[in-house]
Amino acid sequence: HQPRPDSAETPPVIRVLALLLTALGLGAEDLSGTLTIFHAGSLAVPMQEMTAAFQKQHPGVQFRLEAAGSRDCARKVSELGKPCDILASADYLVIDALLIPKHATWNIRFATNEMCIVYREQSRRAAELTTATWPDILLDPKVAIGRANPDADPCGYRAVLTCTLAEQHLKKEGLAAALLAKDVQHIRPKETDLLALLEIGAIDYIFIYRSIAQQHGLKYLILPDEINLKQPRLADLYKSVSVEVSGKTPGSKTTIIGEPIAYGVTIPRGAKNNPAAEAFVAFLLDKNRGLLIMERNGQKPMVPSSSASYDQIPTSLKRFASPRG
């Protein structure tokens, strides 16, 4: 006969240890069932690694992963009513704007990134590409560029913000409009959809996250911090630019203000497997587990982070955030 860790026969020290392990997502509790995760395309590689690592600890849990532009992920919940246990967005503001308060109650920021220009060795004029020459090269009629759809994907509206910041930083009037009017036939729903076009040579350059370039072994041009949306210390500069995208309801519009890149995660209302969802989010946000995988894939952790919805965060996850203000 072996007493359960929470039974009266178990020594107090063992009971406390078992409760602590459970709170950390490390206990031997029998988590099971399917977890449906809607996530940004730029999280595809680390999410595969994290779910595989989590399953080693909790083999009873199965995963259904759906990658899409973060705004499209949110609309699957808010407009289509699709069941979802966890939503991980490339922009935490997508959760605030499209899901809270009706479809979710809280949001935790967990990682950062930066915009860059990705290309191949075979890309036209690649040998000439520098931080000084890239605008002229991308505007060359013989050169094809790609970007994500701003209405569907944060990487898409961040490409617009990057171009606008570049116009200011380089003092090249009309640069943003010229870049954004070029090669619109290569706009795709999410950033990772552009990789196949780059691979076959249909496009030469992509405005995309640095992490994706690193994960796929692609060449990339690092942009100045004044342009790349990476630095919290430049938040006021980033706020000087904005872009209009589709709003919360069909046919409406909303304005996105530039700010440093920050990913966000939540468990939507009505999640069908809440115990496993909380355990996986705890795994994702742990600096020695999920965040270690994130950092290895080029997405720098920012946990603990301040949260405007701190009071609504589940008790088991509060340690990964702090009240904003």
Criterion salt bridge (Lys or Arg N to Asp or Glu O under 4.0 Å) on R233 and D225, from CA distance to verdict: CA-CA 10 Å; R233 63 181 174 80; D225 287 345; 3.4 Å; yes
From CE (M50) to CG (D286), nearest 0.5 Å: 12.0 Å
Least distance between heavy atoms, I261 atom then N228 atom: CD1-O, 4.1 Å
Heavy-atom closest pair, residues V245 and D151: CA-OD1, 3.3 Å
Test log, rule salt bridge (Lys or Arg N to Asp or Glu O under 4.0 Å), inputs E114 and R210: CA-CA 6 Å; E114 67 181 279; R210 181 174 176 175; 3.1 Å; yes
T105 side chain near R269 side chain, heavy-atom distance below 4.5 Å: yes
For A144 against A202, the heavy-atom pair lying closest together: CB-O, 3.6 Å
Distance-minimising heavy-atom pair for L31 and A279: CD1-CB, 3.5 Å
Within one Ile-Leu-Val-Met-Phe-Trp-Tyr cluster: Y310 and L284, side-chain cutoff 4.5 Å: yes
Donor-acceptor under 3.5 Å (D91 side chain, P154 main chain): no
Linked, directly or transitively: L221 and I208 (ILVMFWY side chains, under 4.5 Å): yes
From CA spacing to verdict: side-chain contact (heavy atoms from CB on, under 4.5 Å), L175, L139: CA-CA 9 Å; L175 174 62; L139 288 174; 3.9 Å; yes
Side-chain heavy-atom pair P268, C84 within 4.5 angstrom cut-off: yes
Check: F110 ring centroid to Y92 ring centroid under 6.0 Å: no
More than 12 heavy atoms of other groups within 6.0 Å of E121 CD: no
Approximate separation, where rounding is to 0.5 Å, of Q214 CD and N113 CG: 8.5 Å
Donor + acceptor pair across side chains of N273, D85 (<3.5 Å): no
Pair T133-T130, side-chain contact (heavy atoms from CB on, under 4.5 Å): steps then yes or no: CA-CA 5 Å; T133 63; T130 68; 3.1 Å; yes
Sub-4.5 Å side-chain heavy-atom contact between M47 and I37: yes
Flag, side chain of N297 to backbone of I293, donor-acceptor distance under 3.5 Å: yes
In one Ile/Leu/Val/Met/Phe/Trp/Tyr side-chain cluster, 4.5 Å: I227, L237: yes
Test log, rule side chain to side chain donor-acceptor pair (under 3.5 Å), inputs S306 and R109: CA-CA 8 Å; S306 62; R109 297 181 296 159; 2.9 Å; yes
S309-R324 side chain donor-acceptor pair, cut-off 3.5 Å: no
Under 3.5 Å: donor-acceptor pair, side chain of Y238, backbone of L165: no
Mutual orientation of the aromatic rings belonging to H58 and F54 [parallel < 30°, tilted 30-60°, perpendicular > 60°]: tilted
Worked verdict on L317 versus I108 for side-chain contact (heavy atoms from CB on, under 4.5 Å): CA-CA 9 Å; L317 302 177; I108 297 177; 4.3 Å; yes
ILVMFWY cluster membership beyond L87 - transitive side-chain contacts under 4.5 angstrom: F38, V77, I95, L99, I100
Residue pair T162 / L229, side-chain heavy-atom distance below 4.5 Å: yes
Value rounded to 0.5 Å, distance of OG1 in T254 from CD1 in I256: 5.5 Å
Connected via hydrophobic side-chain network under 4.5 Å: I222 and L234: yes
Neighbour count above 12 (heavy atom, 6.0 Å) for E173 CD: no
Within-4.5 Å side-chain heavy-atom neighbours: Y263 and L43: yes
Parallel, tilted or perpendicular: ring planes of Y119 versus Y205, cut at 30 and 60 degrees: tilted
Side-chain touch T255/V243, heavy atoms, less than 4.5 angstrom: no
Reported CD1-to-OH distance for the pair I117 and Y220, which is rounded to 0.5 angstrom: 13.5 Å
Flag side-chain contact, heavy atom, 4.5 Å: K230 against L223: no
Distance-only donor-acceptor check, side chains E278 and S316, under 3.5 Å: yes
Under 3.5 Å side-chain donor-acceptor pair for R64 and T34: no
No-hydrogen, no-angle side-chain donor-acceptor test under 3.5 Å, S246 and R75: yes
Taking every non-hydrogen atom, the tightest pair across A276 and S32: CB-O, 4.4 Å
side-chain contact (heavy atoms from CB on, under 4.5 Å) assessment of I313 paired with S307: CA-CA 9 Å; I313 295 173; S307 173; 3.9 Å; yes
Side chain to side chain donor-acceptor pair (under 3.5 Å) partner of Y209, the single match among Q215, Q299, R158, E191: R158
Nearest heavy atoms of H39 and C73, plus distance in Å: O-SG, 3.5 Å
Pairwise side-chain contact, I267 with N274, heavy-atom cut-off 4.5 Å (strictly under): yes
Gap separating the CZ atom of R289 from the NZ atom of K287, nearest 0.5 angstrom: 12.5 Å
Polar side-chain atom of K142 near backbone of R125 as donor-acceptor pair, under 3.5 Å: no
S70 OG to Y157 OH distance, which is reported to the nearest 0.5 Å: 7.0 Å
D204 and its salt bridge (Lys or Arg N to Asp or Glu O under 4.0 Å) partner, picked from R124, K219, R120: R124
Path from M302 to F320 over hydrophobic side-chain contacts below 4.5 Å: no
